[in-house]
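Okay, structure first, notes after.
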Amino acid sequence: MKEQKKKISELLLAAGIILPAAFFFSVTADLPHVLLIVMFGLLLTLFIRKPFILNDRSVIYCTIIVLTTTVLTDYVFPLEDNRFGYLSIFFYPEFLVPGALYLALGVTFFRSGPQIYGAAAAAALLALSFGGDIYVMRSANERLPFAAPLIDHFPQFYVITIAVVFSFILPALRHAGSPKLIRRFLKLNRRRVFLYAIFFLLVPLGSLGVYQLYRTYESHIRKLENMFMRGGARYLRRNRNIVFGREIDLNRTLDPELVQNQQQIVLRAIAKKPPGYLRGHAYTNYQSGHWTAPHAEETKTMKLRSYAGVIAYNTFFFEQPEKQPEACEILPSERLFNKTLFIPGNTGQIDTIAKSIDYTTDGVLEVNDWTPDGGYTVFTPAVWRNNAWQQPNPPSKIYLATPSEIDNALDEILASIPKLRTPDLTDTQRFVILLNYFNKIFTYSVQQHNFRGLDPIIYFMTIARQGHCELFASALILLLRRLDIPARYVTGFICSEQHPAGHYYVARLGNAHAWVEAYNRQKQRWELLEPTPPSGTPNYQHQWTMLESWKDLISKTLRQLLSDMRRGLFARVIINAAENIYLFLKMLLWNPWRGPLFLLLMGWLLKRRVERLRRANRRFIAQFSRPDTARLQLSKAYHKLLRSLRKYPEITITAATTVGELATMIQAAETVPDERKKQLLHRLKQFEDMRYHVMPPSPEQLREFLHN
């Protein structure tokens, strides 16, 4: 029987449907790899003429290849945010469209048929739907700069693509339809050329009409679209927490959601030592319980070093690009919705996927065009727990300002502290005296108070004598400023909680913290001061359960692998995957009761598996060790058949004649009737199947062969 091959005509029609849609989506989404993969796949399926066998295994393998290709390419070449309109809020075009195109491409590797056209048409329509979003005209193409003229003439480009795709869909539908139905259609509609002409005329005109209708009612459609986008944004961000803002209000109560979700992990830090204080925001102006940053604060841009090849991240530094000895890789959680980078105060270099990083005089780093999934790595001279941002040096008078209405109250408090106004005290000694004062006199509490119209700091220091970290930090800053010591208010996270498996540290919502950076005038450097008592540093303590530790290790592993792939560090993907597998096994086995229990369970399962294999092997050997009477009877019947064929002169049988040669001679013999030929060929086929099968023939098969 001649081997069936895929039809070139069907593959070309499918290519005509997929290619224009893939080109259109690649241009509008600025993702050239989609078109390249589709083109490579179509060339491959044209060269591989033999279709794949359609079974569970081949379908599963094809699906896995499609999903892997879709996800990995998106990690390396992500879709620009806000490139499409409100549809991208509810769907993920960066996965949905390429996945559909790759799946339609995978269908072409199997046997030809109508399913090829159906998959190709569905993927093409999906690509045209998402790629036709009007927001695409507002985005520049960085990966496909030559496509700028197409974007400038987007309506014409869109209409032409639709016409080309449908010009291939129509003959594909005709080619895949029922022959009887096609004959009826052609019999009723003889003038096919006329119908084709009408079709090619109506499709562009209809598309232009829809576009003009959109332009006419654009304002109303835009209102509806914005409504959907706002709803979608709320839906996607309902589980995120914005921890720090542009202003700190000490008069408000603590955020209930922050208190309720203190155990939620917001970032993970992979380092040899705990990174400790990770500063994010800094504030200098205080008035009536509010901390704010200067409105016209000067910002600078970190210097940049880019890399060629598959490396996707950039290196940002302040002065020198040399790497510092200590590295800390920080993986922010999706719950931390913030453009500010949380870093140690002595950071000298940052590796991340971003376009630029701006920083203020007070060390607030804001990243532009950032890919949070890629995380960031900070390099420091040493990972210190107590480190401060060293700018400005020397500080200006803004770091000495206090509200005039509370100056007298602050001076009275300072006067009540013993030895503080000794003439020859250094700033270091003053720091120690004030920190001891807070630790002895005040207690940590998250209880909310009614300030009774007083300034929150004065109420805290004179009446309540208890409060949270924001009040401790604010009080120390104002006292330092009344001593002519520059100081500022800093917020961030304390990341010192080690995961039970080791190797990395976590910061939770409950670890959000406020502390002080004060300028030591004798040493001419900024120093980090912690006025909050140890009971409130960090604010949240958590006891890991076994399931929590395993779950977080898996989450950290996936985020780390995603970060490495985003940055183009594919060698590290393999290394980190192996390292995390080791950590998981270590957590599982390095336990006085869990380890032995797990080993016993695995040993018992292995023993059962070995016993099952041995029993199966014994049964298999037993089937061939006993006399095979069935095969003997089969051989006797075959020789009887050979003797009956010797009467035909065209059939010459020798000891070396095979079953295949015998079948060929029977087909060519003119003296053998056709009906007899069918019977003989059928019996030879039965004999061949039973004789050369691994298992001996069943009694029913043997009985049927012997009685024919």
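Each residue takes its place number in the sequence, starting with 1. Computed from a prediction, not measured in an experiment: that's the story for all the values here. In what follows, every heavy atom counts, from backbone to side chain, and hydrogens, waters and symmetry copies are set aside.
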Could you tell me whether the side chain of T45 and the main chain of L42 form a donor-acceptor pair under 3.5 Å? no
Classify the ring geometry of H499 against Y504: parallel below 30°, tilted from 30° to 60°, perpendicular beyond 60°. parallel
M565 and L72, any side-chain heavy atoms less than 4.5 Å apart: yes
Using modelled atom types only, decide if a donor and an acceptor are shared between the side chain of N387 and the backbone of G345 within a distance under 3.5 Å. yes
Would you sort out whether F318 and Y359 count as a ring-ring contact (aromatic ring centres under 6.0 Å, His included), showing the intermediate values? CA-CA 10 Å; F318 299 102; Y359 66 97; 5.0 Å; yes
Between E517 and R279, does any side-chain N to carboxylate O distance fall below 4.0 Å? yes
Near L613 CG, under 6.0 Å, is it more than 12 heavy atoms from other residues, nucleotides or ligands? yes
cation_pi(R508, W544) dist<6.0 Å, angle<=45: yes
Test side chain to side chain contact (heavy atoms under 4.5 Å, CB included) on L365 and I350; report intermediate values, then the result. CA-CA 11 Å; L365 276 63; I350 301 173; 3.4 Å; yes
Do Y307 and T315 pair up side chain to side chain, a donor and an acceptor below 3.5 Å, judged on atom types alone? yes
Nearest 0.5 Å please: distance from the CG atom of L101 over to the CG atom of L126. 7.5 Å
Just by modelled atom types, is the F342 backbone N or O under 3.5 Å from a matching donor or acceptor in the Y376 side chain? yes
Can R567 and D351 be said to form a salt bridge (charged side-chain N to carboxylate O under 4.0 Å, His left out), step by step? CA-CA 9 Å; R567 299 192 202 183; D351 289 351; 5.6 Å; no
Would the number of heavy atoms belonging to other residues, nucleotides or ligands and lying under 6.0 Å from CD1 of I574 be above 12? no
With distance as the sole test, does T161 use its side chain to make a donor-acceptor pair with the main-chain N or O of P20 at under 3.5 Å? no
Please check this pair: side chain of Q390 against backbone of A388, looking for a donor-acceptor N/O pair closer than 3.5 Å. yes
Contact summary for T108 and A14, nearest pair of heavy atoms: CG2-CB, 4.4 Å
Under the side-chain hydrogen bond (donor to acceptor under 3.5 Å, both in side chains) test, residues paired with H33 that sit two or more places apart: none
Quick one: do the H503 and Q498 side chains pair a donor with an acceptor below 3.5 Å? no
Close side-chain approach of W515 to Y277, heavy-atom, < 4.5 Å: yes
Please find the pair of heavy atoms, one from F109 and one from I48, that lie closest to each other, and give the distance. CE2-CD1, 4.2 Å
Expected output: side-chain S555 to main-chain K551 donor-acceptor under 3.5 Å: yes
Does T377 form a side chain to side chain contact (heavy atoms under 4.5 Å, CB included) with F379? I'd like the steps, not just the answer. CA-CA 7 Å; T377 302; F379 297 89; 3.7 Å; yes
Quick one: does any side-chain atom of Q560 pair with a main-chain N or O of T557 as donor and acceptor, under 3.5 Å? no
Is the closest side-chain heavy-atom distance between P344 and V378 below 4.5 Å? yes
Give a yes or no on whether the backbone of I65 and the side-chain of T68 come within a donor-acceptor separation of less than 3.5 Å. no
For I343, is there any backbone N or O sitting under 3.5 Å from a side-chain donor or acceptor partner on T347? no
Chi angles and distances behind the side chain to side chain contact (heavy atoms under 4.5 Å, CB included) call for E329, D564: CA-CA 11 Å; E329 183 179 358; D564 292 338; 4.1 Å; yes
Tightest non-hydrogen contact, residues Y505 and A271, listed as CE1-O, 3.6 Å
Does a side chain donor of either T352 or W370 reach within less than 3.5 Å of an acceptor in the other side chain? yes
Is a donor on one side and an acceptor on the other found under 3.5 Å between the side chain of T545 and the backbone of E548? yes
Assess the side chains of E530 and T532: does a donor N or O sit below 3.5 Å from an acceptor N or O? yes
Please name the pair of heavy atoms, one in A119 and one in A104, separated by the smallest distance, quoted to 0.1 Å. O-CB, 3.4 Å
Would you sort out whether T340 and H281 count as a side chain to side chain contact (heavy atoms under 4.5 Å, CB included), showing the intermediate values? CA-CA 8 Å; T340 303; H281 289 268; 3.3 Å; yes
Determine the minimum heavy-atom distance between C62 and G106, stating which atoms define it. SG-CA, 3.9 Å
Test S356 against every option in N368, T301, N314 by the side chain to side chain donor-acceptor pair (under 3.5 Å) rule and name the one that passes. N368
What are the two closest heavy atoms between C495 and P275, and how far apart are they? O-CD, 3.4 Å
